[in-house]
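What follows is a single structure, written as structure tokens, with notes after it.
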Amino acid sequence: MSTETGRPPAAEERLKAGSRFLRGGIAAGLEDRASGALAEGDAKLLKFHGSYQQDDRDLRLERMEHKLEPAYQFMVRVRMPGGVCLPWQWLALDRLAREHANGTLRVTTRQTFQLHGVLKRDLKRTIAGINAALLSTVAACGDVNRNVVCHNNPYLSPLHRETYAAAQALSARFLPRTRAYHEIWLDGEPLTAPIKDEEPLYGATYLPRKLKMGVALPPWNDIDVFAQDLGFIAVVENGRIAGYDVAVGGGMGMSHNEPATYARLADVVGFCPPEQLLELAEAVVTIQRDYGDRSDRKHARLKYTLDDCGLAWFRGELERRLGRALAPARPFAFEHNRDPEGWAQDREGNWHLTLNVLSGRIRGPWLDALREIALAHEGDFRLTANQNVTIAGIAPARRAGIEAILARHGIDAGRPSAPVRRDALSCVALPTCGLAMAESERMLPGFLARLQALLERLGLGALPLAIRVTGCPNGCARPYLAEIALVGKSPGRYDLFLGGDAAGTRLNRIYRTSLTERDVIEALAPILEDYARERLREERFGDFVLRRGYVARQGNALERA
Ligand code: SRM
Ligand code: SF4
């Protein structure tokens with residue numbers, strides 16, 4: 001094992017190398033009833049199996065005072081490329097959420113589900129249950145290719161079908177090959193020494209860090225393609241997908257006060273025909289495998305490899321591995337990165353209903369309503385990377401039935417959400433996320449209500465606004481692409497970012513630091529007043545703050561393309 005930097009490898013590299021292809025001591029640790037936790041190294045390896053060890057942070061202090069170990073619990077993330085889930089799979093996840101988790105399903109910003117609050121004794125049952133529903137959790141987390149996201153607009157098929165097929169193919173191609181997952185969770189026959197497992201693509205130490213892929217279909221950028229390590233932008237010519245423009249090196253994560261870490265938009269490096277998609281992805285993944293920084297995990301994402309080695313070098317290396325020159329990128333144009341809301345009908349007459357789920361948290365009447373719908377629904381469900389749910393493929397005769405179920409549970413599918421709610425995203429943060437510095441999901445409804453009141457006072461109640469909140473700078477709700485973003489700094493305090501655009505092609509800029517929620521509203525009030533008076537026709541708030549100099553302008557991804 002070596003690193004390109006000449007510095008010693010990070011501890012995680014030794015852990016992976018010595019884990020016997022991700023087995024570690026997880027199986028034995030699950031049996032150990034003395035603690036609700038796994039050993040430290042095993043908790044890290046567990047991520048590759050799609051689960052995070054967490055503890056209920058609301059209870060930390062109290063349990064410490066009573067000399068109890070933290071309230072350990074596990075988050076389980078499903079691998080669901082393109083976010084498509086059949087009704088019976090939905091029912092299986094609903095049951096697992098009620099029986100073994102905290103009674104909620106959480107739609108993530110990568111188009112899949114998370115369960116929270118699973119106890120160690122129920123972890124195996126939960127993961128086995130997900131597999132019994134022909135879903136998986138393998139490689140939903142860890143230093144591998146994560147859940148592949150894909151444009152979500154089923155009524156645009158057959159183009160949507162093609163992008164979805166591309167997402168599925170990418171997902172399958174980069175699955176780890178180790179049998180550890182089957183052994184631990186599905187009672188597969190253990191391999192006896194010498195271990196014969198191998199990872200032909202990843203190798204025994206997998207990637208230096210996580211890697212994220214997504215497939216976009218312009219004019220919709222509902223997956224935020226420029227935030228992906230490797231993004232494919234479908235190029236539509238004569239009504240068919242002629243191929244994909246390839247964008248590399250996107251990423252959101254950074255740390256406060258560490259300028260060596262930063263959010264970065266992906267660069268468009270060329271075009272590839274559909275049949276070369278997997279080959280190209282493999283070349284990108286193996287460059288990152290071979291050249292990514294394995295000594296410093298804060299500097300190990302593809303975006304840093306790209307900036308350290310240079311875009312020209314990267315393109316050259318890519319072409320060397322492909323054995324041919326990359327074709328130049330073709331033109332594309334994105335209009336927005338949000339989801340449509342409400343009912344839409346496709347050319348065959350079927351209906352699709354996109355429900356706005358605040359922060360993607362499905363609980364209470366929403367959980368019950370969607371369960372009831374899943375019992376009767378003959379189409380499928382599609383999760384979006386904006387944390388929403390589309391009930392897709394509803395036959396015309398069944399639309400009224402779906403509406404009636406929703407209405408019985410107090411959900412009015414016909415009424416659009418307030419725009420601030422419709423396009424808002426938030427990460428999970430407290431109480432489950434171990435890295436949260438401030439509230440996010442739990443503060444969002446109150447914050448949006450205060451902002452909505454301000455907007456209404458200024459006559460801007462119907463203003464479309466992309467607002468994103470995260471509990472720390474890691475960027476799980478892709479805040480640096482929003483028109484307004486709050487990024488957690490310390491309990492109750494946020495950095496305020498302004499100036500993203502409506503299509504997810506521009507990074508915003510920091511405007512003020514360490515503000516309380518109330519300070520944020522006070523800081524926004526004069527800018528919104530100015531906007532109410534001085535905006536140009538159709539001018540978005542994110543564009544206005546740049547034009548008026550509230551934050552400095554920087555190039556966007558399309559200008560870099
Ligand atoms: Fe994330 C870590 C939640 C999408 C960047 N993310 C975490 C962890 C696992 C915390 C941890 O490491 O202990 C969070 C679990 C919280 C919880 O209790 O559930 C977490 N991330 C999420 C989710 C659930 C946010 C959401 O509200 O939906 C999203 C799950 C995605 C999925 O289904 O796979 C989620 N995370 C993202 C995204 C958005 C995306 O991928 O489009 C990003 C920014 C894009 C990127 O990766 O650059 C993101 N998460 C991070 C980072 C920063 C990585 C970096 O390069 O610095 C971390 C921290 C880390 O990896 O060390 C992180
Ligand atoms: Fe946790 Fe930070 Fe991600 Fe929010 S952004 S889920 S606080 S890691």
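Ligands are counted one by one from 1 in listed order, and the atoms in each one are counted from 1 as well. From a predicted model like this one, the values you see are computed outputs, not experimental measurements.
Distances from atom 1 (Fe) of ligand 2 to the heavy atoms of Cys433, Cys427, Gly488 put Cys433 nearest. For atom 3 (C) of ligand 1, the candidate residues are Gln54, Arg301, Met75, Arg77; the nearest heavy-atom contact is made by Arg77. In this structure, of Arg264, Arg146, Arg209, Lys298, the residue bringing a heavy atom nearest to atom 62 (O) of ligand 1 is Arg209. One option in Met252, Lys212, Arg79 has a heavy atom closer to atom 47 (O) of ligand 1 than any other, and that option is Lys212. Ranked by closest heavy atom to atom 4 (C) of ligand 1, the top entry among Val225, Leu302, Thr109 is Thr109.
Counting the atoms of ligand 2 from 1 in the order shown, those under 4.0 Å from a heavy atom of Gly471 are 4 (Fe), 7 (S). Under a 4.0 Å criterion applied to the non-hydrogen atoms of Cys476, ligand 2 contributes the atoms 3 (Fe), 5 (S), 6 (S), 8 (S). The ligand atoms of ligand 1 that sit less than 4.0 angstrom from a heavy atom of Thr432 are 17 (C), 18 (O). Taking every non-hydrogen atom of Ala436 and a distance limit under 4.0 Å, the qualifying atoms of ligand 2 come out as 7 (S).
Side-chain polar atoms of Ser440 and Thr470 form no donor-acceptor pair below 3.5 angstrom. Between the side chains of Arg146 and Gln228, no donor N or O sits under 3.5 Å from an acceptor N or O.
Each of Leu507, Leu481, Leu486, Ile510 was checked for a side-chain contact (heavy atoms from CB on, under 4.5 Å) with Phe497, and the lone residue meeting it is Ile510. Partner Asp55 forms a salt bridge (charged side-chain N to carboxylate O under 4.0 Å, His left out) with one of Arg60, Arg63, Lys120 and no other, that one being Arg60.
By the 4.5 Å heavy-atom criterion applied to side chains, Phe314 and Leu302 are counted as neighbours. The shortest distance between side-chain heavy atoms of Lys489 and Tyr494 does not fall below 4.5 Å.
Taking atom 61 (O) of ligand 1 as the reference point, the nearest protein heavy-atom neighbour is Lys210 NZ, 2.7 Å. Among protein heavy atoms, atom 53 (C) of ligand 1 sits closest to Asn474 OD1, 3.4 Å. Protein heavy atom in closest approach to atom 57 (O) of ligand 1: Gly253 CA, 3.5 Å. Atom 36 (N) of ligand 1 has as its closest protein heavy atom Cys476 SG, 3.1 Å.
Within 6.0 Å of CD in Glu40 there are 12 or fewer heavy atoms belonging to other residues, nucleotides or ligands.
Aromatic ring centres of Tyr262 and Tyr304 lie closer together than 6.0 Å.
Heavy atoms of Ser440 come nearer than 4.0 angstrom to ligand 2 in no pair at all.
Inclusion of Cys472 in the first shell of atom 2 (Fe) of ligand 2 is supported: an N, O or S atom falls under 2.8 Å.
Between Arg382 and Asp339 there is no salt bridge, since none of the side-chain N atoms of the basic residue sits less than 4.0 Å from a carboxylate O of the acidic one.
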